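None of the values given here were measured: they were computed from a predicted structure. Read the numbers this way: they start at 1 and go in the same order the structure lists the ligands and their atoms. Atoms considered below: every heavy atom in the structure, side chains included; atoms not considered: hydrogens, waters and symmetry mates.
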Amino acid sequence: WSDGLTKRGHVYDSRMAVFADNSVLTHHWHALARSSDLGGGPLSRRLLGRDLVMYRGPDGAVVAAPDRCPHREAPLTLGCMKEGVLQCAYHGWQFGSGGSLVRVPSALPGVPVPPTGNLKPYHAAERYGLVWVCLDTPEADIPCISHDARPEFRRINNPVEHWNASPTRLTDNFMDYTHFPYVHTGTFGTSLDPTVPRYEIEQLDDGWTGYQYDVDVDNPDSARAISGQTAKKLHRHMSTGFTLPFSVRSTIHYETGLEHILLLLAAPVDDVHCYFTFVVWRNDDFSVSAEEVIAFDRAIGEEDRRMLERVPGVLPLSQTGVVSVQADKGSVEWRRRFAGMLNGG
Ligand code: FES
Ligand code: FE
């Protein structure tokens with residue numbers, strides 16, 4: 001496997017998937033939408049190269065199924081929600097809870113719908129205000145954020161964005177803090193010390209793997225509402241950790257006791273495209289609006305996006321495909337375990 005990665009790892013060949021056709025990833029949960037995105041018509045999503053339709057059935061549960069009507073294969077995402085069920089745009093067949101075929105308009109009264117006409121839904125679950133989909137039998141849990149169950153924390157969800165970047169690039173970036181002084185110049189990075197103290201990879205709480213560190217950051221006017229402090233410089237104790245395949249949790253502890261937790265998620269559309277969203281938890285006094293809280297993190301995300309959409313292809317997954325230094329330890333550890341996972345390890 002590693003030879004294959006070396007050979008084709010550096011120049012991305014779109015005819016040959018690097019990881020998106022690896023069945024291992026179909027056994028993991030991927031966040032594709034916010035729960036609140038499923039109020040209206042059917043949603044179109046693409047996950048690991050498969051086109052999906054997503055809708056909320058009359059029982060309230062989300063259905064995520066192949067975007068193909070069993071009748072004549074029209075994309076169901078062309079359809080609409082009609083009195084709580086999904087109606088195909090081609091001949092009007094209707095699908096309800098769990099993807100079951102509930103009506104064939106051409107059928108005479110009393111004729112039952114064909115039992116083979118039900119959709120074959122994938123696993124779908126809602127957590128943290130997000131809809132998660134698993135294409136095959138789940139073999140891992142949705143990443144754990146235990147703060148979600150603590151009443152002193154509020155949760156703020158962000159829209160799901162489509163990025164023209166490999167989820168491998170995003171996850172590598174989220175594990176990396178040496179880009180801060182160069183990429184995050186419009187937000188918090190300007191005067192950061194670029195050197196990185198030695199740190200060790202450790203098992204963090206809630207199943208995350210990563211590292212902890214301390215950092216002094218600027219606290220410009222634009223960040224004061226969020227940090228809840230007025231000093232020009234702030235001390236933060238932070239941790240950054242991953243769970244496979246593409247989830248990263250970043251925690252910030254301020255000396256005031258304020259905690260700001262970020263869950264950063266990249267769902268693989270294919271090798272070189274993904275859906276990105278993030279969720280924030282904070283134990284603040286709710287005096288700052290949710291919009292203000294996320295405006296700062298959104299600006300940071302845009303800085304990453306501007307860089308990552310310019311970095312082509314998949315991150316080389318072999319050890320020698322890119323050059324790393326001590327300070328890249330966190331992202332190297334993620335990459336090592338991700339490559340091992342693809343290899344069945
Ligand atoms: Fe969907 Fe005919 S193709 S109803
Ligand atoms: Fe960044």
Side-chain angles (χ1 to χ4, degrees), residues 41-42 44 51 53 55 63 65-82 85-96 99-107 111 113-114 116-120 158 161 163 165-190 192 194 196 210-211 213 215 217-218 223 236 238-242 246-252 260 262-266 274 276-278 280 294 296-311 315 327-328 330-331 334:
S44 166
D51 289 315
V53 60
Y55 67 96
V63 178
D67 188 16
R68 170 192 172 273
C69 180
H71 180 221
R72 287 298 179 272
E73 302 193 307
L76 288 164
T77 46
L78 298 178
C80 61
M81 298 309 294
K82 196 96 182 227
V85 298
L86 172 63
Q87 178 172 297
C88 179
Y90 198 175
H91 311 91
W93 288 24
Q94 294 182 341
F95 302 89
S100 58
L101 175 61
V102 292
R103 182 161 182 257
V104 173
S106 63
V111 178
V113 298
T116 50
N118 297 332
L119 305 182
K120 295 185 175 59
N158 284 270
E161 301 172 356
W163 283 24
S166 174
T168 57
R169 299 284 185 196
L170 273 72
T171 313
D172 178 75
N173 170 277
F174 299 149
M175 288 303 298
D176 158 39
Y177 79 98
T178 64
H179 72 278
F180 289 178
Y182 305 98
V183 168
H184 296 302
T185 49
T187 48
F188 68 99
T190 322
L192 283 183
V196 173
Y211 54 94
Y213 58 105
V215 65
V217 295
D218 284 340
R236 290 168 160 188
M238 306 186 62
S239 78
T240 300
F242 65 84
F246 303 121
S247 304
V248 172
R249 186 196 68 174
S250 168
T251 69
I252 305 172
H260 186 101
L262 266 171
L263 175 63
L264 302 153
L265 300 165
C274 63
F276 166 68
T277 191
F278 69 93
V280 173
I294 57 173
F296 193 67
D297 285 319
R298 284 181 68 89
I300 296 170
E302 275 307 304
E303 291 176 327
D304 287 316
R305 179 181 186 151
R306 277 197 292 277
M307 172 56 68
L308 294 177
E309 290 196 336
R310 304 295 299 277
V311 182
L315 175 76
D328 297 319
S331 51
W334 167 77

Discussion item. Regarding Glu303, does it place an N, O or S atom less than 2.8 Å from the Fe ion (ligand 2)?
Written reply: no
Worksheet entry | Beyond-backbone contact of Tyr55 with Leu119, side-chain heavy atoms, under 4.5 angstrom | yes
Worksheet entry | Those atoms of ligand 1 less than 4.0 Å from some heavy atom in Cys88 | 1 (Fe), 3 (S), 4 (S)
Practice prompt. Using a strict cut-off of 4.0 Å, indicate which atoms of ligand 1 neighbour a heavy atom of Tyr90.
Written response: 2 (Fe), 3 (S)
Item to complete: Examine all N, O or S atoms of Cys69, backbone included, and report whether one is under 2.8 Å from atom 2 (Fe) of ligand 1.
Response: no
Worksheet item: Can you tell me if CE on Met81 sees more than 12 non-hydrogen neighbours from other groups inside 6.0 Å?
Response: yes
Response to the item:
For the Fe ion (ligand 2), the nearest N/O/S atom on His179 is atom NE2
Item to complete: Please find the N/O/S atom of His91 nearest to atom 2 (Fe) of ligand 1 and write down its name.
Response: ND1
Worksheet item: If you measure only the distance, is there a donor-acceptor pair under 3.5 Å linking the side chains of Asp176 and Ser331?
Response: no
Worksheet entry | Angular separation of His184 NE2 and Asp304 OD2 about the Fe ion (ligand 2), given to 10° | 100°
Worksheet item: Parallel under 30°, tilted from 30 to 60°, perpendicular over 60°: which one fits the rings of Phe276 and Trp163?
Response: tilted
Worksheet, complete the sentence: the protein heavy atom lying closest to atom 3 (S) of ligand 1 turns out to be Arg72 N, 3.2 Å
Discussion item. With a 6.0 Å cut-off (strictly less than), is the heavy-atom count around OH of Tyr213, excluding the residue itself, greater than 12?
Written reply: yes
